[in-house]
Amino acid sequence: MTVLLKRRSVIPGFGITLGYSLLYLSLIVLIPLTTLFLKTASLTLAAFWEEVTSPRVLASFKLSFGASLIAAAINGVMGLLVAWVLVRYRFWGKRIVDALVDLPFALPTSVAGIALTTLYAKNGWMGQLLDPLGIQAAFTPLGVTIALTFIGLPFVVRTVQPVLQDLGVEVEEAAASLGANRLQTFRKVIFPSLLPSVLTGIALAFARAVGEYGSVVFISGNMPMRTEIAPLLIMTKLEQYDYAGATAVAVVMLLLSFVLLFAINALQWWNRRKYGAR
Amino acid sequence: MSIEVRNISKSFGKFQALKDVSLEVKSGELVAALGPSGCGKTTLLRIIAGLETPDSGSILFHGEDATQSSVSDRKVGFVFQHYALFRHMTVFENVAFGLRVKPRPQRPSNEVIRQKVTRLLELVQLEWLADRYPSQLSGGQRQRIALARALAVEPKVLLLDEPFGALDAKVRKDLRRWLRRLHDEIHVTSVFVTHDQDEALEVADHVVVMNHGQVEQFGAPEQVYEHPASPFVYNFLGNVNLFHGRIVGGNLQSGSLKVAAPDALAGEERAAIGYVRPYDLDVQRARTNGSTIEAIVQHIHPVGPVVRLELLRRDTQDSLEAELTKDQFRELALSVGEHVFVSPKNLHIFAADYAI
């Protein structure tokens, strides 16, 4: 470390910028997280365990992680398709479609939530069509999954897009000239090259979906044991002045998020190592 | 297997890439398609491969029409300028790819594939890289792997698109000699595209010089170099001095120079240009018999096997470039600013309306 600090650089102010960065990170990230753990520490281990394994909490975890997983999987397939269309074809209005992909990013989540609820409610545009089929979207886990799919789409598209662009048509032509048919070309050449970025995109979409709150609360209806997601449960517990209980749920979510982040990083590291920096 | 290109035309929107191109490559030959960028040489190669469909005309392999058959049916090996290796596969798997995607009844066993790939890697002298990924290889190594991959399916025709274009000068030179030796070994009919005249003239059996989507000349390297069919070919295959002038009374008159014109041009009075290579200019201190041009020495570049002189014509104020051997230069003992007398030893005359 001393070697690093003493090394002369053309850019001045290494000491002060590093110091500032550390201070900033501490204020913004570390202190709130520490408080979270300190608050949870007011519970005994047994009480903590009882809190996080109570049926209502478990049901919320199951919904949050289950719906997020399904949503991320859907986005994996559809996001790949959208990225493919945006990279490989030229059509009128391509720029607009490209911009639309970012909409779930840009839209305030509550706006998205209200819009989706209006659409999928029994008398909404989509709800009207689904109701005769016996499918109810709003106020069911299905609705939650729809909302989470909506907000997760850009992650897959934006991670796959540059990789696909980089892949180029030449490798496909090479595969064809070697006698591969279209299916073989996709299965053996294109898909394996895209897989790491698709996985990264899915992981990012999943991480985002687990933490999503604003767009879900409207469409889910928030019925305990049925359509109550974990972030909302934290909110409910806070409103009931059960601070320790809320933080206990929060700590579990925090740890799971850490695991996810770690997995994403490991995935990217594996990707870089395998195909080299190009 | 021979390749015959018959009256191929191809347009991309308003840009006409190929205009009625015809070409015949004999079985076992190595042919270079040479021309500046945008001349249509790569398009021609891609049409032969089936990666591009012509607007009109046909492609014949061994006398059989192949214009309608797809890339995978044509049994051509194609080597791309930027290698197009499969990044997620090892070198071994890259070379094995063409064998692994064969229809099940024709697919060789794993053992046969292993032997064949090993043999191909030995052929390109890279068997020790079998387990590496393409990103761990140098440019020259990647290109040789791309070649081995193309050869794995035993193509009847090998097509190479600027195969050495992305490599540095030294590696290029080594690789093109290596390609020539390889071709002498396996004798597969090959066409390669290049914009480097040295590469084309050194490696190929025949050279097809292209410009603006048309074939300017087709012939053996020495024929193309010594007897260019058009001013374009003259210009493209090395440095050249231009003598602008008019044909008067059977002679080309350019400033104080007067040279007999070929019969085909001598008939009427018209504008014409004489082309002379720098080493075909005779430089003397004293006026000699016959027609000469007086010039002033402007620069002397003594580096390399020849001495290059930059001269300024006194009659027209045009620049000339002459190349002397070291011995000739020592004998003349020239310095900048001195007057010399120049006469062309070997002059090709083309009518000036011939568009380049």
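Sequence lines set the chain letters: A, B, ... in the order given, protein chains first and strands last, and positions in each chain run from 1.
- Heavy-atom contacts from other residues, nucleotides or ligands closer than 6.0 Å to CD of Glu64(B) number 12 or fewer.
- For a residue to count as touching a neighbouring chain, one of its non-hydrogen atoms must lie under 4.5 Å from one of that chain's; by this rule Leu167(A) touches chain B with backbone and side chain alike.
- Residues Val153(B) and Leu178(A) come closest through the heavy atom pair CG1-O, 3.7 Å.
- Here the straight-line distance linking atom CZ of Phe80(B) with atom CD of Glu173(A) works out to 5.0 Å at 0.5 Å rounding.
- Nearest heavy atoms, Ser72(B) versus Gly179(A): CB-CA, 3.7 Å.
- Within a 6.0 Å sphere centred on NZ of Lys116(B), other residues, nucleotides and ligands contribute more than 12 heavy atoms.
- Heavy atoms of Phe97(B) lying under 4.5 Å from chain A belong exclusively to its side chain.
- No more than 12 heavy atoms of other residues, nucleotides or ligands lie within 6.0 Å of OH in Tyr20(A), so this atom counts as exposed by the packing criterion.
- The CD atom of Glu170(A) lies 7.5 Å from the CG atom of Asp161(B); values are rounded to the nearest 0.5 Å.
- For Lys94(A), the NZ atom counts as densely surrounded, since its 6.0 Å shell holds more than 12 non-hydrogen atoms of other residues, nucleotides or ligands.
- Other residues, nucleotides and ligands contribute only 12 or fewer heavy atoms inside 6.0 Å of the CD1 atom of Ile16(A).
- Within 6.0 Å of the CZ atom in Arg182(A), the count of heavy atoms belonging to other residues, nucleotides or ligands does not exceed 12.
- Contact record, Val171(A) with Phe86(B): O-CE2, 3.5 Å, taken as the closest heavy-atom pair.
- Atom OH of Tyr24(A) has 12 or fewer neighbouring heavy atoms from other residues, nucleotides or ligands inside a 6.0 Å radius.
- If you measure heavy-atom distances from Leu85(B) to chain A, the contacts under 4.5 Å come from the backbone alone.
- With a threshold of 4.5 angstrom between heavy atoms, Ala150(B) approaches chain A through N, CA, C or O but not through any side-chain atom.
- For the set Arg74(B), Arg46(B), Gln81(B), Arg100(B), the count of heavy-atom pairs under 4.5 angstrom toward chain A peaks at Arg46(B).
- Remark: the backbone N or O of Lys188(A) is paired with a side-chain donor or acceptor of His88(B) at under 3.5 angstrom.
- Minimum heavy-atom separation, Gln184(A) to Val101(B): NE2-O, 3.0 Å.
- Within a 6.0 Å radius of CE in Met1(B), more than 12 heavy atoms belonging to other residues, nucleotides or ligands are found.
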